[in-house]
Each structure stands twice: as structure tokens, then as C-alpha cells.
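One structure below.
Letters go in sequence order (proteins before strands), and every chain restarts at 1.
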2 protein chains.
Amino acid sequence: MTDSNPNASPSAPSMPSDALPPVEQHAQQYATVRNAHETELIEDYVELIGDLLTHRGEARAADIANRMGVSQATVSKMIRRLNELELVTSKPYRSLFLTAAGQEMAETSRARHDVVLNFLRTLGVRDATARIDAEGMEHHVSDETLAIMQRFTEQQERR
Amino acid sequence: MTDSNPNASPSAPSMPSDALPPVEQHAQQYATVRNAHETELIEDYVELIGDLLTHRGEARAADIANRMGVSQATVSKMIRRLNELELVTSKPYRSLFLTAAGQEMAETSRARHDVVLNFLRTLGVRDATARIDAEGMEHHVSDETLAIMQRFTEQQERR
DNA sequence: CAACATTGTTAGCCAAGGCTAAATTATTTG
DNA sequence: CAAATAATTTAGCCTTGGCTAACAATGTTG
């Protein structure tokens with residue numbers, strides 16, 4: 001057996017470079033990230049479809065492809081998946097709609113996204129940068145952290 | 001052509017739900033995220049190997065597998081990739097070492113990781129949560145945001 | 001030092017998420 | 001309303017990053 005001393009100095013509260021966390025905790029961190037990766041693309045598509053429906057009245061595959069920056073073929077394949085997951089309904093060659101589950105996911109994602117984006121802006125990050133960072137961070141922020149970000153943003157606004 | 005009005009109300013500074021960003025910017029956001037995904041696993045492995053070398057003196061495939069929470073076969077395959085990318089050197093059945101490029105990547109990743117982790121702690125996020133969130137956020141935080149996080153943490157500490 | 005346990009590698013499978021090229025369906029317009 | 005254009009889908013390819021099972025090398029210990 002290697003790694004026989006799994007938790008040398010479990011928490012050295014804010015030093016430059018901590019010791020390694022206990023094996024189980026460490027593995028849990030990575031597992032959480034892998035997990036997030038599985039759902040995040042799905043959420044991004046659903047969120048985008050929701051936004052297109054809200055702001056444009058319809059969500060066409062071509063628009064999604066343009067905004068995602070991928071080929072139409074990729075979008076078409078993805079829509080099939082979203083259909084299987086019962087997040088969208090679609091008739092061939094027609095615009096998309098969200099199921100109830102899809103709408104809920106879209107709203108949740110949108111809300112998280114907004115909290116993160118506004119938090120970054122409040123911190124003083126430039127708008128374009130904040131948008132890029134928020135897109136990536138959105139799926140990796142726990143509910144706990146999200147709540148703290150929200151509170152922080154509100155406090156700053158109340159100045 | 002659909003989506004013919006690409007930038008209705010380009011920036012409404014901090015309202016609950018913004019309008020859609022211009023198509024090119026929107027595509028850029030997603031492209032940045034996709035890009036990050038390509039490198040982040042590599043960086044996580046390299047960072048972990050660096051940490052194991054620092055704190056344990058050696059980096060064995062079994063330890064990596066345990067800490068990553070994946071099978072040894074997966075690690076073995078990954079090590080081959082890291083070798084091809086000239087980030088690590090390895091002899092069969094022996095411990096790993098980082099090349100100069102690998103060391104640089106490990107240090108950079110570690111530094112980013114620490115900034116994000118300490119920022120979250122400073123915000124008031126619980127340690128275990130902060131560790132999980134930092135692991136995911138690390139690869140999606142721009143240099144600009146990172147600098148702001150660093151400054152924020154330092155300011156709070158100086159109270 | 002032989003047997004057993006641990007560690008590492010290889011082969012072969014799978015799903016996801018990209019792509020291009022070709023075929024099909026809708027829509028617009030001369 | 002026919003022809004041209006645009007949108008969508010399908011087929012087939014590729015890479016990544018997981019997995020299990022079988023095999024090979026190394027290390028440990030009775």
C-alpha cells in the first residue's frame with residue numbers, strides 16, 4: 001500500500017500551499033467535477049433554448065449552432081439527446097419547445113448564471129470577461145457558495 | 001438567415017435577466033469553455049502529480065488512481081498521454097517525474113488553485129465546500145478575475 | 001527463494017461530443 | 001409555381017476519458 005499517511009495536517013487554514021487532503025475527500029472533489037461535466041453541456045443547451053424562446057420567440061437549430069459556435073450537425077444530434085431526456089419536444093424541421101422539466105432546468109440554470117455573473121461584475125470584473133468566466137463557473141458553484149455570492153452582491157448594491 | 005437582430009440592448013448592467021449577447025460574443029463564451037475542458041483534466045493530473053512529488057516524494061499510478069477516484073487502467077492510459085505531451089517522464093513500473101514543462105504547469109495550476117480556494121474561504125465558504133468548488137472553478141477563472149480574487153483576499157486578511 | 005500480494009500495463013469495450021459530406025425538407029422569390 | 005436558397009437531418013468518422021478483464025512485473029514475507 002502506498003499513500004499510507006492519508007491525512008497529514010488535515011487543515012492548515014489559509015497558507016500558500018496546503019498539504020494533501022485525505023484520499024476520500026480528494027477523490028470526492030474530482031468526482032464532483034466529473035459529474036458536473038456530464039450535465040453542464042445539457043444545461044447550457046437547455047438554458048440557451050430557454051433564452052432564445054424568451055427573447056426571440058422561437059429556438060431554431062441554426063440559431064443554436066451559431067450561438068454555440070458548433071456545426072448544425074452537432075446541434076441536431078444534441079437535440080435528439082435532449083428529446084430522449086424529455087427536456088425538449090420537437091417535430092422534424094420545426095422549432096423547439098421545452099417540456100416542463102426543460103423549463104425548470106432552464107430557469108434554474110439561468111438563475112445560477114445570473115447570480116454568478118452579477119457577483120463577478122460586483123467584484124469589479126469587466127463585463128466581457130465576467131460573461132466568459134460566468135459561463136464556465138456556473139456549473140461548478142455549490143448552492144452554499146451561490147448563496148454567499150448572492151448575499152455579497154446585494155450587500156454591495158445597498159451602498 | 002434567422003437571428004437577424006443580433007444585438008438588441010447589448011449591455012443592461014445588472015438587471016436580473018439580460019438580453020442575449022451578440023452572436024459572436026456568445027459563441028466566444030462557449031468556445032472558451034470548450035477549450036478549458038480540453039486542458040483541464042491534463043492540468044489536474046499534472047497538478048496532482050506535482051503535489052504528490054512535493055508531499056510524498058513520489059507519484060505512483062496507484063496513488064493517482066485513488067486520489068482521482070478512477071481505475072488504474074485509466075491512469076495508465078493518461079500517463080501515456082502526458083508522456084506524449086512531454087509533461088512527465090516515466091519508466092515502466094516506476095514512479096513518475098515531471099519535465100520542466102510539467103513542473104511549470106503544476107506550479108501555475110497550484111497557484112491558481114490556491115488563489116481560488118483562499119478567495120472562497122475568505123468569502124466565508126466552508127472548507128470542504130470551498131475545496132470542491134475550487135477544483136471545478138479553477139480552470140474557468142480568467143487572469144483578470146484571478147487577480148481581483150487575490151487582491152480581495154489580501155484586503156480582507158489585512159483587517 | 002518461492003508463493004502471494006500489490007502494482008502496472010494492455011486489449012477491447014462504450015458513450016459523449018466534435019466534425020464533414022450528402023440527402024432531405026422548408027421557405028423565399030423571380 | 002418552379003427554381004433557388006436555407007435549414008435540418010443522417011451517415012460515418014475521430015478523439016477523449018471512462019470501464020473491466022487478463023496478463024506482466026515488482027515487492028514482500030513465511
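Of the possible donor and acceptor atoms, one in the side chain of Asp133(B) sits under 3.5 Å from a partner among the backbone N and O of Ser142(A).
Atom-to-atom, CG of Leu96(A) to C1' of dA7(D) comes out at 13 Å; the value is rounded to the nearest Å. Going from atom CZ of Arg94(A) over to atom P of dA7(D) covers 14 Å, rounded to whole Å. What separates CD of Glu40(A) from P of dG17(C) is a distance of 10 Å, to the nearest Å. Distance NZ (Lys91(B)) to C1' (dA25(D)): 16 Å, rounded to an integer number of Å. Ile64(A) places its CD1 atom 12 Å from the C1' atom of dA7(D), with the value rounded to the nearest Å. The distance from atom CD1 of Ile49(B) to atom P of dG8(C) is 12 Å, rounded to the nearest whole Å. Whole-Å rounding puts the Ile79(A) CD1 to dA16(C) C1' distance at 16 Å. Between the CD1 atom of Ile42(B) and the C1' atom of dT15(D) there is a distance of 12 Å, given to the nearest Å.
When each of Ser95(A) and His37(B) is assigned the nucleotide of DNA chain D with its nearest heavy atom, Ser95(A) is the one assigned upstream, toward the 5' end.
The ring pair (Phe, Tyr, Trp, His ring centres under 6.0 Å) search around Phe119(A) returns Phe152(A), not counting sequence neighbours.
When the side-chain nitrogen and oxygen atoms of Arg81(B) are compared with OP1 and OP2 of dG17(D), one or more of them lie within a distance under 4.0 Å. Taking side-chain N and O atoms only, Arg60(A) has no distance below 4.0 Å to OP1 or OP2 of dA7(D).
Residue Glu104(B) qualifies as open at atom CD: its count of foreign heavy atoms under 6.0 Å is 12 or below.
Atoms CD and CG, from Gln103(B) and Leu53(B) in turn, are 8.0 Å apart once rounded to the nearest 0.5 Å. Put simply, NE2 on His113(B) and NE2 on His139(B) are 8.0 Å apart, with the number rounded to the nearest 0.5 Å. To the nearest 0.5 Å, the span separating CD on Gln28(A) from CZ on Arg67(B) amounts to 14.0 Å.
With respect to the salt-bridge test (charged N to carboxylate O, under 4.0 angstrom), the residues Asp127(A) and Arg131(A) qualify. A salt bridge links Asp51(A) with Arg110(A): the distance from a Lys NZ or Arg NE/NH1/NH2 to an Asp or Glu carboxylate oxygen falls below 4.0 Å.
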Atom pairs under 3.5 Å: protein N/O with N/O of nucleotides 18-21 of chain D:
{"from": "dG18(D)", "atom 1": "O6", "to": "Lys77(B)", "atom 2": "NZ", "distance (Å)": "2.4"}
{"from": "dC19(D)", "atom 1": "OP2", "to": "Ser71(B)", "atom 2": "N", "distance (Å)": "2.9"}
{"from": "dC19(D)", "atom 1": "OP2", "to": "Ser71(B)", "atom 2": "OG", "distance (Å)": "3.0"}
{"from": "dC19(D)", "atom 1": "OP2", "to": "Thr74(B)", "atom 2": "OG1", "distance (Å)": "2.7"}

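The shortest distance between side-chain heavy atoms of His140(B) and Glu40(B) falls below 4.5 Å.
Closest approach to the Tyr93(B) side chain among dT25(C), dG8(C), dG17(C) is made by dG8(C) (side chain taken as heavy atoms from C-beta onward).
Base pairing in DNA chain C yields stems of at least 3 consecutive Watson-Crick or G-U pairs, both distances under 3.5 Å, namely C:1-30 with D:1-30.
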